[in-house]
Amino acid sequence: MAARGGFSSRLGFIAAAAGSAVGLGNIWGFPFEVGEGGGAAFVVVYLFFCFVLCFPVMATEIAIGRKTEKNPAGAFVALGYKNWAWVGKLGILAGVLILSFYNVIAGWAFGYIFEMAMGHFGGGEQFGAFTVQIVKVGAYGALFMATTAFVVSRGVSGGIEKAAKLLMPTLIVMMLGMVIYSLTLDNAMDGIRFYLVPDFSKINAGVIYSAMGQAFFSLSLGMGALITYGSYVNKKENIVSAAALITLADVGIAFIAGMMIFPLIGFMSGGTMEGAAGGPGLIFVTLPQIFGTLGSIGPLVGTIFFVLLCFAALTSTVSLLEVPVAYAVDELNIRRKRAVWIVAGIIFVVGIPSLLGFGYSDFFSTAFTTYKDGGTDTDFLSFVASIANDSILPLGGCMIAFFAAHIWKKHNLDEELASGSPKYKGSFVQKYMNFAVGYLAPVVLSILFVLTVLFKFFGISII
Ligand code: PFF
């Protein structure tokens with residue numbers, strides 16, 4: 001059996017898991033989803049999903065991981081339910097798919113550090129010209145993947161935990177600095193109003209489905225990333241309070257990202273908030289233009305922003321790579337270092353069509369497919385993202401919750417959650433966990449999963 005390793009402390013685990021959760025999903029994804037979803041109304045639905053549904057699923061994932069000390073597929077087998085291993089395998093597949101496109105965006109962010117430092121603030125044109133320079137962008141992506149692989153190859157406490165403990169606090173300090181700056185700009189308050197004052201008429205089925213996908217993606221749930229990290233956690237840790245802290249950290253950082261970006265858009269648009277619905281290009285197109293208006297400090301602010309984005313992305317790519325690597329180490333008995341480089345290489349190759357789909361190859365660009373949901377033209381990267389984030393993750397979360405409560409059984413879950421938490425049994429939290437994991441999550445998530453797939457891929461809208 002190859003050695004697995006483990007976290008050295010409670011703080012190390014929380015930093016690593018929060019590092020997994022906090023990533024491009026918070027700083028790149030959340031603001032653009034808020035922008036497209038009509039502002040504060042999306043935020044309200046999103047918060048509901050995070051705290052009411054996702055938090056119990058998170059505690060459950062960590063408990064399954066800690067109980068079994070296994071990767072997501074091996075965990076179901078270790079509990080004695082071999083025919084549930086497909087849920088774990090589906091999660092590992094989602095991890096491979098997510099990392100394949102995630103690394104492309106992380107590679108752009110990496111490249112944008114240099115673009116900003118050189119004072120290139122050309123917005124859409126610059127972004128279009130950047131993404132088609134395939135050798136350059138490919139090299140940035142390869143470097144990012146290699147950095148991820150390097151951290152993962154150093155193991156759980158020496159690599160993953162150390163990187164997270166250093167990068168997470170730095171990220172928070174840098175972001176707070178940017179928020180203070182944004183708030184001093186003209187029309188900042190128009191941005192804040194768009195972001196924080198909800199207009200409930202904007203909530204529709206599409207907003208609900210995207211908020212659900214975003215919540216799962218942002219919290220790294222539904223694919224067993226937290227089963228994997230849970231497998232390195234000590235029996236004395238309090239899982240429920242750790243899950244609460246991780247959820248709060250993730251939601252908190254997404255919130256801060258919004259506080260940083262919407263005032264900037266308010267400033268840029270002269271208060272009209274035009275450009276807020278910029279889609280995935282939002283931070284690569286709109287933000288650089290904004291940095292360009294800042295005069296001599298523009299390059300510095302821009303460079304800091306993208307350094308920060310890379311920090312956030314790295315602790316997430318590390319957790320994404322760790323999932324298939326843990327599988328290779330546990331189940332295929334491959335040495336960690338070797339597993340890391342092989343898996344990273346494969347995932348980089350899987351990501352190549354996503355890399356090509358921003359203008360270089362017409363086939364993989366927006367002509368790749370058209371959703372039936374009203375005809376959104378979609379590139380390969382966004383297509384893979386919606387399969388993984390909006391479909392597989394909620395399905396995985398639903399299955400994990402159902403499994404824990406009804407197959408593995410509630411009392412076993414309770415037993416694991418109570419280890420390290422003497423007051424858990426008989427508490428309100430326990431009652432809520434039982435209700436949420438046993439009924440709320442399986443029912444709501446299975447319905448939303450079916451509705452999302454019908455709507456997005458088949459154009460059938462039931463509600
Ligand atoms: N939570 C990460 C983000 O918000 O950027 C992305 C992610 C990491 C998703 C790890 C899933 C995962 F297992």
Side-chain angles (χ1 to χ4, degrees), residues 15-34 46 49-50 54-55 57-58 61-62 65 71-72 87-88 90-109 144 148 151-152 160 163-164 167-168 171 175 210-231 243 246-247 249-258 280 283 308-327 343 347 381 384-397 400:
S20 166
V22 173
L24 295 173
N26 304 60
I27 304 174
W28 160 80
F30 178 72
F32 98 66
E33 296 269 7
V34 174
Y46 175 75
F49 278 119
C50 286
C54 292
F55 157 72
V57 175
M58 179 183 285
E61 276 203 31
I62 301 173
N71 66 86
V87 175
L90 191 68
I92 296 169
L93 173 73
V96 168
L97 292 178
I98 292 175
L99 183 52
S100 80
F101 75 76
Y102 200 93
N103 189 64
V104 170
I105 304 161
W108 294 341
F144 205 89
T148 304
V151 173
V152 177
I160 297 177
L167 297 180
M168 290 298 293
L171 173 74
M175 284 180 77
S210 325
M212 174 183 65
Q214 174 64 20
F216 271 83
F217 179 74
S218 187
L219 291 166
S220 304
L221 285 181
M223 52 162 273
L226 291 169
I227 295 183
T228 310
Y229 273 17
S231 74
I246 298 162
T247 307
D250 188 64
V251 170
I253 295 214
F255 180 77
I256 297 174
I283 62 166
L308 180 156
L309 191 61
C310 285
F311 279 4
L314 185 62
T315 47
S316 299
T317 52
V318 158
S319 71
L320 284 160
L321 183 59
E322 178 61 27
V323 174
V325 165
Y327 178 76
V343 176
I347 297 179
L381 186 151
V384 177
S386 38
I387 292 190
N389 309 356
D390 301 342
S391 319
I392 304 183
L393 297 186
L395 175 66
I400 290 169

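Order of listing sets the numbers, starting from 1, for every ligand and every atom in it.
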Partner residues of Ile347 under the side-chain contact (heavy atoms from CB on, under 4.5 Å) criterion, sequence neighbours left out: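 Counting only residues at least two positions away or on another chain, Ile347 forms a side-chain contact (heavy atoms from CB on, under 4.5 Å) with Val96, Leu99, Ser100, Met145, Leu321, Pro324, Val343.
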Donor-acceptor side-chain pairing of Ser316 and Ser20 below 3.5 angstrom: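 Checked: Ser316/Ser20 side chains show no N/O donor-acceptor pair below 3.5 Å.
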Polar contact flag, side-chain donor to acceptor under 3.5 angstrom, Ser218-Asp250: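 A donor-acceptor contact under 3.5 Å links the two side chains.
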Option passing side-chain contact (heavy atoms from CB on, under 4.5 Å) with Leu393 (candidates Ile387, Leu90, Leu219, Ile98):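 Output: one option passes, namely Ile98.
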For Ala257 against Pro31, the heavy-atom pair lying closest together: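 Taking every non-hydrogen atom into account, CB-CG, 4.4 Å.
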Closest heavy-atom pair and its distance - Ala249, Val22: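 That closest heavy-atom pairing would be O-CG2, 4.2 Å.
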Are there any protein N or O atoms under 3.5 Å from the N or O atoms of ligand 1? List them with distances, or say none.
{"unit_1": "ligand 1", "atom_1": "1 (N)", "unit_2": "Ser20", "atom_2": "O", "d": "3.1"}
{"unit_1": "ligand 1", "atom_1": "1 (N)", "unit_2": "Ala21", "atom_2": "O", "d": "3.0"}
{"unit_1": "ligand 1", "atom_1": "1 (N)", "unit_2": "Phe217", "atom_2": "O", "d": "2.8"}
{"unit_1": "ligand 1", "atom_1": "1 (N)", "unit_2": "Ser218", "atom_2": "O", "d": "3.0"}
{"unit_1": "ligand 1", "atom_1": "1 (N)", "unit_2": "Ser220", "atom_2": "OG", "d": "3.0"}
{"unit_1": "ligand 1", "atom_1": "4 (O)", "unit_2": "Ala21", "atom_2": "O", "d": "3.0"}
{"unit_1": "ligand 1", "atom_1": "4 (O)", "unit_2": "Gly25", "atom_2": "N", "d": "3.3"}
{"unit_1": "ligand 1", "atom_1": "4 (O)", "unit_2": "Asn26", "atom_2": "OD1", "d": "3.4"}
{"unit_1": "ligand 1", "atom_1": "5 (O)", "unit_2": "Leu24", "atom_2": "N", "d": "3.1"}
{"unit_1": "ligand 1", "atom_1": "5 (O)", "unit_2": "Gly25", "atom_2": "N", "d": "2.7"}
{"unit_1": "ligand 1", "atom_1": "5 (O)", "unit_2": "Tyr102", "atom_2": "OH", "d": "2.4"}

